[in-house]
Visitor: 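Have a look at this one before I ask anything.
Throughout, a chain's letter reflects where its sequence line sits, starting with A, and its residues are numbered from 1. All heavy atoms count here, side chains included; hydrogens, waters and symmetry mates do not.
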There are 2 protein chains.
Amino acid sequence: MGTRIGIGRVLAGQEGTLAVLKLEPLDRPEGMTTHEYAHRRLRQAIMVGSIRPGESLTIRGIAEAMESSPTPVREALRRLSSEGALKVLDNRRIMVPKMTAERFGELIALRSTLEQHAARRAVGHITEKQIDRLVAIDKAQDEAIAQKDNATALLLNQEFHRTLYTANPDQIIMPMVESVWLQLGPFLGIAMAHVAQLYFVDRHQEAIAALRKRDEDAVASAINADICEGIGGFERAAIENLLRLAGQ
Amino acid sequence: MGTRIGIGRVLAGQEGTLAVLKLEPLDRPEGMTTHEYAHRRLRQAIMVGSIRPGESLTIRGIAEAMESSPTPVREALRRLSSEGALKVLDNRRIMVPKMTAERFGELIALRSTLEQHAARRAVGHITEKQIDRLVAIDKAQDEAIAQKDNATALLLNQEFHRTLYTANPDQIIMPMVESVWLQLGPFLGIAMAHVAQLYFVDRHQEAIAALRKRDEDAVASAINADICEGIGGFERAAIENLLRLAGQ
DNA sequence: ATTTTCAAAATGTGATCACAAAAATCAATA
DNA sequence: TATTGATTTTTGTGATCACATTTTGAAAAT
């Protein structure tokens, strides 16, 4: 039995998870609906690996934690399960899916395929101005890495990739890319808990140079390397070790 | 302003859409929750192109049509919007996304990439028995085509692809493949409304032969051809013509 | 004939409640 | 001590209601 994120325990402070929900209330733009807000907060927490796989979420618990009611929280949970971030068990409990070495391998392979495709489809549309923006994001990320600020570096890395792919005005792949990021989130959390410092690989300059030359193959190759040598670079044995340590 | 699927109109029988919801009540397995059932029915309707793009759905209208209440219907709609099947407008209206020639092109390209990947990842796992099942499904599809039974042929075609991809026990891509199918659904509806007979391309035998030889590249090639010469085979001019006819 | 104004109807949203199923707690038993 | 069984609590689910916003439809004005 995993732990629960429920009212009592949460209020008693026995769980570390509420901390996530409480600590990062995210600013809520005016006009944003409650279910949207709940969706964003939970999504954020999962994306950065703050919710451990196997931990089951309770609707009432979350509702209480973010001072709302079951209805909008349920909608948020349904969306997240459709996005692959959460899994609904037979007993209707909802939890973050457990990670396995096989699943991890599938996720990395899929991420590479998806993002190479997205990058190729953007090459023909991206402007010099947008490429300059990529340079700026990459620079900011380097600074975050130098300061060992994992969270910021991670966010900037995502922004780099998102900016590239959305250069295609008809792009429809971003939700799927984000779904893979979401599904990799829990592993990130595990890795960060057991590894002193995340080691970042940065093939962004390579991608930028290829973009300037409009070389589709080279762009795809850089993106592939960025993914496979980055988070995908964990060796199988290391992954299994990590997952065992984390009690998966 | 598009038409609405609302209580009054639905009951007045002015809309063709309720027919879809009423005609195919789908059997509801015991224990299936209401929101799950609503999700399945709407999904089915969208997948086969029964709901026209631009038509906006109302929560109460659907709830009334399937004799339930707003709560579970809203959950179903949220899921479908996360799956890319529906779009939430700024005024919070929900509708089937409009199709454009550009979006159609993106969908076909993505479908090809996704399914080639899925097929490749299945080659190493699929058993001879499963390949035999593919043969049976393909045969049934041929019969449906011969009888000009579009709906059945479509369903069997999906089953063929699904059976192939799910041969990989760690497969995680199916939800994304289905998302693309869903997003192509409305175009299918348009095409079927304006074309006398859907013309089916069948590269399945080619795929089966390649699977028997465990030839990954050949499998991917067959899948690519199946998609690009099938639904993807519409010429740009034909697509734009169709969309104009449909008032997109 | 077209546009503007305004009251009525419809709609999305979220809180609350009741019910059934599942989980947890605790006492009794082996 | 470990296990079973019954009671209590927690939880998911869906219907209903109230509120604010949007849309609609008709009347009035241009």
Side-chain angles (χ1 to χ4, degrees), chain A residues 1-12 14-15 17-18 28-42 54-82 86-95, chain B residues 1-12 14-15 17-18 28-42 54-82 86-95:
Chain A
M1 251 288 309
T3 49
R4 281 176 312 149
I5 302 186
I7 309 176
R9 309 203 178 201
V10 154
L11 293 184
Q14 293 178 10
E15 295 293 332
T17 324
L18 175 62
R28 178 173 177 176
E30 183 184 1
M32 174 180 259
T33 59
T34 308
H35 85 262
E36 228 173 325
Y37 179 65
H39 178 253
R40 289 258 306 244
R41 269 183 61 184
L42 287 168
E55 203 160 31
S56 77
L57 307 174
T58 72
I59 295 171
R60 283 175 165 92
I62 296 167
E64 183 115 349
M66 48 178 78
E67 296 175 334
S68 65
S69 72
T71 313
V73 170
R74 241 176 31 224
E75 292 173 36
L77 293 178
R78 300 272 180 248
R79 289 191 52 185
L80 288 165
S81 76
S82 273
L86 296 175
K87 205 181 155 219
V88 180
L89 275 57
D90 290 334
N91 54 349
R92 294 179 181 172
R93 273 281 154 83
I94 294 173
M95 59 177 258
Chain B
M1 250 284 312
T3 50
R4 281 176 311 149
I5 302 186
I7 308 178
R9 311 205 176 199
V10 154
L11 292 183
Q14 294 179 8
E15 294 294 332
T17 324
L18 175 63
R28 179 173 176 176
E30 185 184 2
M32 175 180 259
T33 59
T34 308
H35 83 263
E36 230 173 322
Y37 179 65
H39 178 254
R40 290 257 306 244
R41 276 199 33 199
L42 287 169
E55 204 160 30
S56 79
L57 307 175
T58 71
I59 295 170
R60 282 176 165 93
I62 296 167
E64 183 117 346
M66 49 178 77
E67 297 175 333
S68 65
S69 71
T71 314
V73 170
R74 237 172 40 222
E75 292 172 36
L77 293 178
R78 300 270 181 247
R79 287 191 53 186
L80 288 166
S81 76
S82 273
L86 296 175
K87 205 181 154 220
V88 180
L89 275 57
D90 288 336
N91 53 348
R92 293 179 181 172
R93 273 280 152 83
I94 295 174
M95 58 177 258

Visitor: Do any N or O atoms of the protein come closer than 3.5 Å to N or O atoms of nucleotides 13-15 of chain C, and which pairs are they?
Guide:
residue : atom : partner : partner atom : Å
C/dT13  : OP2  : B/R78   : NH2          : 2.7
C/dG14  : OP1  : A/T34   : N            : 2.2
C/dG14  : OP1  : A/T34   : OG1          : 2.9
C/dG14  : OP2  : A/H35   : ND1          : 3.4
C/dG14  : N7   : B/R74   : NH1          : 3.4
C/dG14  : N7   : B/R74   : NH2          : 3.0
C/dA15  : OP2  : A/S69   : N            : 2.9
C/dA15  : OP2  : A/S69   : OG           : 2.2
C/dA15  : O5'  : A/S69   : OG           : 3.3
C/dA15  : N7   : A/T71   : OG1          : 3.0

Visitor: Using whole Å, what does the distance between atom C1' of nucleotide C/dG12 and atom CG of B/L86 come to?
Guide: 15 Å
Visitor: Which residues pass the side-chain contact (heavy atoms from CB on, under 4.5 Å) test with B/S82, sequence neighbours left out?
Guide: A/R79, A/S82, A/E83
Visitor: Return the CE to CG distance between A/M95 and A/L89, rounded to the nearest 0.5 Å.
Guide: 5.5 Å
Visitor: Grab the CG-P distance between A/D90 and C/dA21 for me, whole Å please.
Guide: 16 Å
Visitor: Just the rounded figure in Å: distance from P of C/dA10 to CD1 of B/I62.
Guide: 17 Å
Visitor: Give the minimum heavy-atom separation between B/R28 and B/M32, together with the two atoms involved.
Guide: NH2-O, 3.3 Å
Visitor: Go through the steps for A/I94 and A/K87 under the test side chain to side chain contact (heavy atoms under 4.5 Å, CB included), then give the verdict.
Guide: CA-CA 6 Å; A/I94 294 173; A/K87 205 181 155 219; over 6 Å; no
Visitor: Calculate, to the nearest 0.5 Å, the distance between atoms CD1 and CG belonging to B/I62 and B/L42 respectively.
Guide: 5.0 Å
Visitor: Can you measure from CZ (B/R60) to OG1 (B/T58) and round to the nearest 0.5 angstrom?
Guide: 8.5 Å
Visitor: Over the length of the helix from C/dA1-D/dT30 to C/dA30-D/dT1, how much do the five-pair end axes diverge, rounded to 10 degrees?
Guide: 20°
Visitor: Between atom CE in A/M95 and atom C1' in D/dG12, what is the gap in whole Å?
Guide: 17 Å
Visitor: Rounded to the nearest angstrom, tell me the gap between atom CD in B/E30 and atom C1' in C/dA20.
Guide: 14 Å
Visitor: Which residues pass the side-chain contact (heavy atoms from CB on, under 4.5 Å) test with B/D90, not counting sequence neighbours?
Guide: none
Visitor: Between B/L89 (CG) and D/dT21 (C1'), how many Å, whole number?
Guide: 15 Å
Visitor: Return whichever of B/N91 or A/N91 has its heavy-atom-nearest nucleotide of DNA chain C closer to the 5' end.
Guide: B/N91
Visitor: Could you report the tightest heavy-atom contact between B/I59 and B/V73, atom names first, then the distance?
Guide: O-CG1, 3.8 Å
Visitor: Please report the shortest heavy-atom distance between A/A76 and A/H35, naming the atom on each side.
Guide: CB-O, 3.7 Å
Visitor: What residues, two or more places apart in sequence or in another chain, satisfy side-chain hydrogen bond (donor to acceptor under 3.5 Å, both in side chains) together with B/R74?
Guide: A/E75
Visitor: Taking only residues two or more places apart in sequence, or in another chain, which ones meet B/R92 in a side-chain contact (heavy atoms from CB on, under 4.5 Å)?
Guide: A/T33
Visitor: Send over the distance from A/L77 CG to D/dT11 C1', rounded to a whole Å.
Guide: 13 Å
Visitor: Name the pairs: protein N/O against N/O of nucleotides 5-7 of chain D, kept only if under 3.5 Å.
Guide:
none

